[in-house]
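What you see is a predicted model, and the numbers here were worked out from it, not measured in a lab.
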Amino acid sequence: MSFAYFVQQVLSNPALAVTTLLTLGVIFVNGWTDAPNAIATCVTTRCMRVRSAVIMAAVFNFLGVFLMTQFNASVASTISNMVDFGGDTDAALIALCAALFSIVVYSVGASMLGIPTSESHSLIAGLTGAAIAIHGGVDAVDMGEWVKVLYGLAASLLFGFAMGWIVCKIVTLICAGFDRRRTNGFFTGAQIVGAAAMSFMHGAQDGQKFIGVLFLGMAFCNGQPSVAGVVIPVWLMILCSTIMGVGTSVGGEKIIKSVGMDMVKLEKYQGFSADLSSALCLLVMTVLGVPVSTTHTKTSAIMGVGAVRRLSAINFGVVRDMMLTWVFTFPGCGIISFIMAKLFMVVF
């Protein structure tokens, strides 16, 4: 599908237009709210100024979405094939639109109630709820793909924490006898590289999730009930990566402070360890096609780094927020999406 044909379809199909606008809006918000996590440690350890770090994150978010999707689109494939919207592509497009709308409704409501959210988990729950609504049962869910989400829940916490601890422990042992001033100089540059890698992997992981959704909407519009075996066009990668990059450029100083300072007070070598370990975790999960929360992976890695020094250095309230996200997001957003899909199918 060419870009010109896509624009023509958007202008002539209101459901696809709404789906596209909502998807691009969620990508923008993801770049705005999630991407600052990638550079939080780099800024709070004073390796980079906020503005410079935000610009760097925007560039590498763009590259992460664009390059990784060309070489390995496993995450996008998992999202696209996770649920079955049935053979009626017109109804499927309406349900997909309802799923995206439910993400917005849930995110706004959760924010007003102070419930922590994750766009990644909201997306998965929204797609699942809408598919069950249109299909009339849980047969709409491909458990072979959905189980990867469960793996991702465990991996973002356990793997992130373990990798953070291991990398920081190795760095501590290697640099034990070195002069602190000289190592600080090295880790200033190393952490900038680590933050760039983390930004790249954030784009690769989160960008692919929403590319999968938009690609699914395009398929429904063309009468295709699935996207199995279809190659993602380059212009779609560029579009999504550009929107995420623009969202990142808006910044998020409050998020940077919350992740980089309120959770664990980090030194430069610890910030480098957290960035490197979380980037490695995201790389492994992306190659395996497992959708995970980049925020939870990064915060888990930071906690692992803090645990090398002492467990009391960790703010376990963050762990509580992560658990609350899982407890509320999947049933909450899933139910809202189910209701919205039923309502949208009646109205439209």
Is it true that [X] and [Y] fall in one hydrophobic cluster, defined by side-chain heavy atoms closer than 4.5 Å?
X: Phe178; Y: Phe187; value: no
X: Val193; Y: Ile55; value: no
X: Met68; Y: Ile238; value: yes
X: Leu276; Y: Ile170; value: no
X: Leu93; Y: Leu21; value: no

Donor-acceptor pair, distance only, cut-off 3.5 Å: does the side chain of [X] make one with the backbone of [Y]?
X: Thr89; Y: Ala92; answer: no
X: Thr297; Y: Ser293; answer: yes
X: Ser199; Y: Phe60; answer: no
X: Tyr269; Y: Asn184; answer: no
X: Gln270; Y: Glu267; answer: yes
X: Ser337; Y: Ala130; answer: yes
X: Lys342; Y: Ala133; answer: yes
X: Gln205; Y: Val292; answer: yes
X: Asn13; Y: Gln9; answer: no

Within-4.5 Å side-chain heavy-atom neighbours: [X] and [Y]:
X: Asp206; Y: Val65; result: no
X: Pro291; Y: Val149; result: yes
X: Phe6; Y: Leu236; result: no
X: Lys298; Y: Asp275; result: yes
X: His121; Y: His296; result: yes
X: Asp142; Y: Asp84; result: no
X: Val213; Y: Leu127; result: yes
X: Ile79; Y: Phe215; result: no

Quick one: closest heavy-atom pair of [X] and [Y], and the distance?
X: Gln70; Y: Val234; answer: OE1-CG2, 4.4 Å
X: Cys168; Y: Val305; answer: SG-CG1, 3.7 Å
X: Ala301; Y: Ser278; answer: CB-CB, 3.9 Å

Interatomic distance, [X] atom [atom1] to [Y] atom [atom2] [nearest 0.5 angstrom]:
X: Lys209; Y: Met82; atom1: NZ; atom2: CE; result: 9.5 Å
X: Arg46; Y: Thr188; atom1: CZ; atom2: OG1; result: 12.0 Å
X: Ser102; Y: Phe344; atom1: OG; atom2: CZ; result: 8.5 Å

Trace of the side-chain contact (heavy atoms from CB on, under 4.5 Å) decision for Trp146 with Leu150
CA-CA 7 Å; Trp146 218 95; Leu150 302 180; 3.6 Å; yes

Classify the ring geometry of [X] against [Y]: parallel below 30°, tilted from 30° to 60°, perpendicular beyond 60°.
X: Phe272; Y: Phe186; result: perpendicular
X: Phe3; Y: Trp235; result: perpendicular
X: Phe85; Y: Phe220; result: perpendicular

Starting from the C-alpha separation in whole Å, work towards a yes-or-no answer on side-chain contact (heavy atoms from CB on, under 4.5 Å) for Val104 and Leu100.
CA-CA 7 Å; Val104 176; Leu100 291 167; over 6 Å; no

